[in-house]
Amino acid sequence: MNHFSTLNEPQQEAVMHTEGPVLILAGAGSGKTRVLTHRAAYLIEEKGVKPYQIMAITFTNKAAGEMRERIHQLVEYGAESVWVATFHATCVRILRRFIDRIGFETNFTIYDADDQKSLMKTICKNLKMDTKLYKEKMFLAAISAAKNELIGPEEFALSAGDDFVKQKQAQVYKEYQNALKRNNAQDFDDLIVHTVRLLRADAQVLEYYQERFLYIMVDEYQDTNTAQFQLIWLLAGKYRNLCVVGDDDQSIYKFRGANIFNILNFEKYFPEAKVIKLEQNYRSTQNILDAANHVIANNHGRKQKKLWTANGEGDKLVFHQFLTGFEEADFVAKDITEKVYKQGFQYRDCAVLYRTNAQSRLFEEKLIVSNIPYKIIGGVNFYARKEIKDLLCYLKTIDNARDDLAVQRIINIPKRGIGAATIGRVQAYAASCDISFYEALKRAEEIPSIGKAASKIRSFVLLIQSMRSKLGLISFSDLFREILDTTGYVAELEAEGTEEAKARMENIDELLGKLVSYEAEAEEPTLSGFLEEVALVADIDTLENDSNYVVLMTLHSAKGLEFPNVYLAGMEDGLFPSYMSIVSETAAEDIEEERRLAYVGITRAMKHLAVTCARERMVRGNLQLNRVSRFVQEIPAELFQKAASAEKPKPEASKPEAPRGRQTLGKGREAFHAKPTAATDTYRAPKNFGTAQKEPLEYSAGDRVRHIKFGEGTVTQIVEGGRDYEVTVDFDTAGIKKMFASFAKLKKV
DNA sequence: CGGGTCATGGTTTTT
DNA sequence: CCATGACCCG
């Protein structure tokens, strides 16, 4: 009697095939985490492998934490020495120890997206880049893409050829790396890149880790990028005991450099690999699974899998098209209330999933009004909030004033009368003496033309120095409180008295709480240790399992999670799949990635799945008209509940609820006047419709149309104007044009 | 220097 | 719509 007998056959096979490379193709909900944790337990208990010889790599801290926890439940002792960490945390740990061997300092700081952006800004300024023409974001994206492919600045420059833009990028890339080095900082991508570089450059270090990690497991393997693959390749290079788990159908991070060929070509890199498919789903009902299978079947070039479940058919799916996003949110709130009060669900059993973070707002408002506890995951990361970053930069400066960015951020927060001009002079001085910004501040008196700002700088430096002198004498939390006091940061917020200021103060309290618990829990608490822990935290990591609230998040964040009751909201062409993917030059590919995202969304649901959308949606202050998402159309109608419901009798016969046929503006005027859905209690005619009736359009966003002069193109946007639609079309030859529908006479093709 | 006003443009997804 | 940036004036 052991815990391995509870596994199904392929799961057991995956657990017990410990030697050599293994590729586990694990469909959604097929128990892959279970396999990984049992595999670790099996290695320890049955194979006598030492826990510290096992490494499990995940993408999020939450996943890592869960895995650690579950291994702990299986294994009597030693579970805590299994190396379970995210890619980034793994690399930081390696680099903190050995990065000096490739010419960096081991006490580097980690730059987040925000820091990268401000660094990039100064670089563009220094290089006199025209940021109107070349956006900082564009440079950062190019650099990140290069790093994900392990292309360094030199190689990038060589490959630029006579491509002018690429040459610019190469120039910026080089400067950017120099600046990072000067600031003793690494960005997220560098953590991986430098680890690979280190392992390639130093045979001793490579050998050390190869001998240490005899068994390596990688979760969510489909989302690894080339750099991450190389890292694994190196670490597993000697013993090749590599077990990767993934699902090509759930690869949704191509935009971030994920290389789907890592999973598709695994057997090429490891010809001796054992391939195991996990096809039994334990999570969802057959109806939900059928819906998912039908949607994903529209993708090409995937590894064939047939998910099945023994869970039974379950309830049918629910679909509603509403008039507005407002009504959509209303429905979700009411439905959640019903699920909780009448069907015995908990709030935590419900999740609202959407494509873009912007959609959360509507739901948030409704949930507040409906008294439903909720939590929004994503959007602005806790540690990216202004007040939090400000205070972290104080800590950074006190800890290690080598980070110019941190010092510059706080030097005038709160206002000390040190303005941009002064900062510019100090920067110039620092550059000419080749010293750090903070060093230059210390010598403020020597800086020419700095005038009376020198005394203000002096007092800032004194403030920092006095804090620093207290390090080690008082606790971190006391130090933190002292920062709040002496800088007057909280006092300023108190004076403000707004709702927003209150929220900020609460966040500061939360940060203090985290500092306190870090100090209490860490074996050897250091300021850098805290800053590092905090740098690698993603918002999804803060989702606690024992709390009871409805969760709202993007489909991307939802990967790896499951909920009994799921709402897939905003299922509209143009929103999901997004315009970007529809009009993209590689639309075919991009839509497939969106479809995988839809697949991920559907398969999050265990018992109930409600799919909703709205005809009209406010996007950036404009009213957009969208049709039902093509992904909804890909779900067979019979999987949806019939609309007719006893509680909500329909006053008039309307279109079938299942999303078949014309749901768009296409079918003449009736589409506008039909009741949007049975669940929408009153139909409110859109404004402007009363008097001058517009002709409904025969096309909608995403459609191909022909213009008499401009030729063919794709509709990217339809905005409702006063008496007409303003249609934006991306023409194949003529470029993007905005025009009024009544004049343009566009024909759908 | 700092605060205010006006203009612009941007969102798809994040470790 | 909202956040950020440019510009202007006290």
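Chain naming here is simple, since letters A, B, ... match the order of the sequence lines and numbering starts at 1 in each.
Shown here are the side chain to side chain donor-acceptor pair (under 3.5 Å) partners of A:Ser581, two or more places apart in sequence or in another chain: there are none. By the side-chain contact (heavy atoms from CB on, under 4.5 Å) test, A:Asn507 pairs with A:Phe382, A:Arg385, A:Glu387, A:Ile388, A:Glu510, sequence neighbours left out. Looking at residues two or more places apart in sequence or on another chain, you find a side chain to side chain donor-acceptor pair (under 3.5 Å) between A:Glu445 and A:Arg458. For A:Glu364, the side chain to side chain donor-acceptor pair (under 3.5 Å) partners two or more places apart in sequence, or in a different chain, are A:Tyr374. Checked against ring pair (Phe, Tyr, Trp, His ring centres under 6.0 Å), A:Phe255 has the following partners two or more places apart in sequence or in another chain: A:Tyr253, A:His556. Applying the side-chain contact (heavy atoms from CB on, under 4.5 Å) test to A:Met618 and every residue at least two apart in sequence or in another chain returns A:Leu623. Remark: A:Phe576 pairs with A:Phe631 by the ring pair (Phe, Tyr, Trp, His ring centres under 6.0 Å) rule, at least two apart or across chains.
Checking C:dG5, B:dT11, B:dT14 against the side-chain heavy atoms of A:Tyr253 singles out B:dT14 as nearest. Checked against B:dT14, B:dT12, B:dT11, the side chain of A:Arg355 finds its nearest nucleotide in B:dT12. Side chain of A:Thr60, nearest nucleotide from B:dC1, B:dT14, B:dT15: B:dT15. Looking at the side chain of A:Thr86, the nearest of the listed nucleotides B:dT13, B:dT15, C:dG5 is B:dT15. The side chain of A:His88 sits closest to B:dT15 out of C:dG5, B:dT12, B:dT15.
Phosphate proximity of B:dT11 to A:Lys137: present, with a side-chain N or O under 4.0 Å from OP1 or OP2. For the OP1/OP2 pair of B:dT14 and a distance below 4.0 Å, the side-chain nitrogens and oxygens of A:Thr554 include at least one atom meeting the criterion. When the side-chain nitrogen and oxygen atoms of A:Ser578 are compared with OP1 and OP2 of B:dT13, none of them lie within a distance under 4.0 Å.
Computed from coordinates, the A:Phe255 CZ to B:dT13 C1' distance equals 4 Å when rounded to whole Å. Nucleotide B:dT14 holds its C1' atom 13 Å from the CG atom of A:Leu597, rounded to whole Å. Going from atom CG of A:Asp114 over to atom C1' of B:dT14 covers 14 Å, rounded to whole Å. Rounded to whole Å, the distance from NZ on A:Lys135 to P on C:dT4 is 16 Å. Here B:dG10 presents its C1' atom at 14 Å from CG of A:Asn357, a figure rounded to the nearest Å. Separating the CG atom of A:Asp115 from the P atom of B:dT15 is a distance of 16 Å, rounded to the nearest angstrom. One atom, NZ of A:Lys117, and another, C1' of B:dT14, lie 15 Å apart when rounded to the nearest Å. Distance CG (A:Asn225) to C1' (B:dT14): 13 Å, rounded to an integer number of Å.
For the P atom pair drawn from C:dT4 and B:dT13, the interatomic distance equals 15 Å after rounding to whole Å.
Using a 4.0 Å heavy-atom criterion, one finds that A:Ser581 contacts no nucleic acid atom at all. Within the 4.0 angstrom heavy-atom criterion, no nucleotide atom of any strand lies near A:Glu593. In this structure, A:Phe576 reaches neither bases nor backbone, as no heavy-atom distance under 4.0 Å exists between it and the strands shown. Nucleic acid contact class of A:Arg361 (heavy atoms, under 4.0 Å, all strands): sugar-phosphate only. Contacts of A:Phe188 with the nucleic acid, taken as non-hydrogen atoms under 4.0 Å apart, include base atoms.
For the residue pair A:Thr226/A:Glu149, the side-chain donor-acceptor check at 3.5 Å is satisfied. For the 3.5 Å distance criterion, the side chains of A:Gln228 and A:Gln230 fail to qualify, holding no donor opposite an acceptor. With 3.5 Å as the limit, one finds no donor-acceptor pair spanning the side chains of A:Glu589 and A:Thr586.
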Pull out every protein N or O sitting under 3.5 Å from an N or O of nucleotides 8-10 of chain C, one pair per line with the distance.
none

Just the table, please: protein N/O against nucleotides 2-5 of chain B N/O, every pair under 3.5 Å.
{"unit_1": "B:dG2", "atom_1": "OP1", "unit_2": "A:Gly417", "atom_2": "N", "d": "2.8"}
{"unit_1": "B:dG2", "atom_1": "OP2", "unit_2": "A:Asn412", "atom_2": "ND2", "d": "3.3"}

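The aromatic rings of A:Phe363 and A:Tyr354 lie parallel to each other, with less than 30° between the two planes, well short of the 60° mark.
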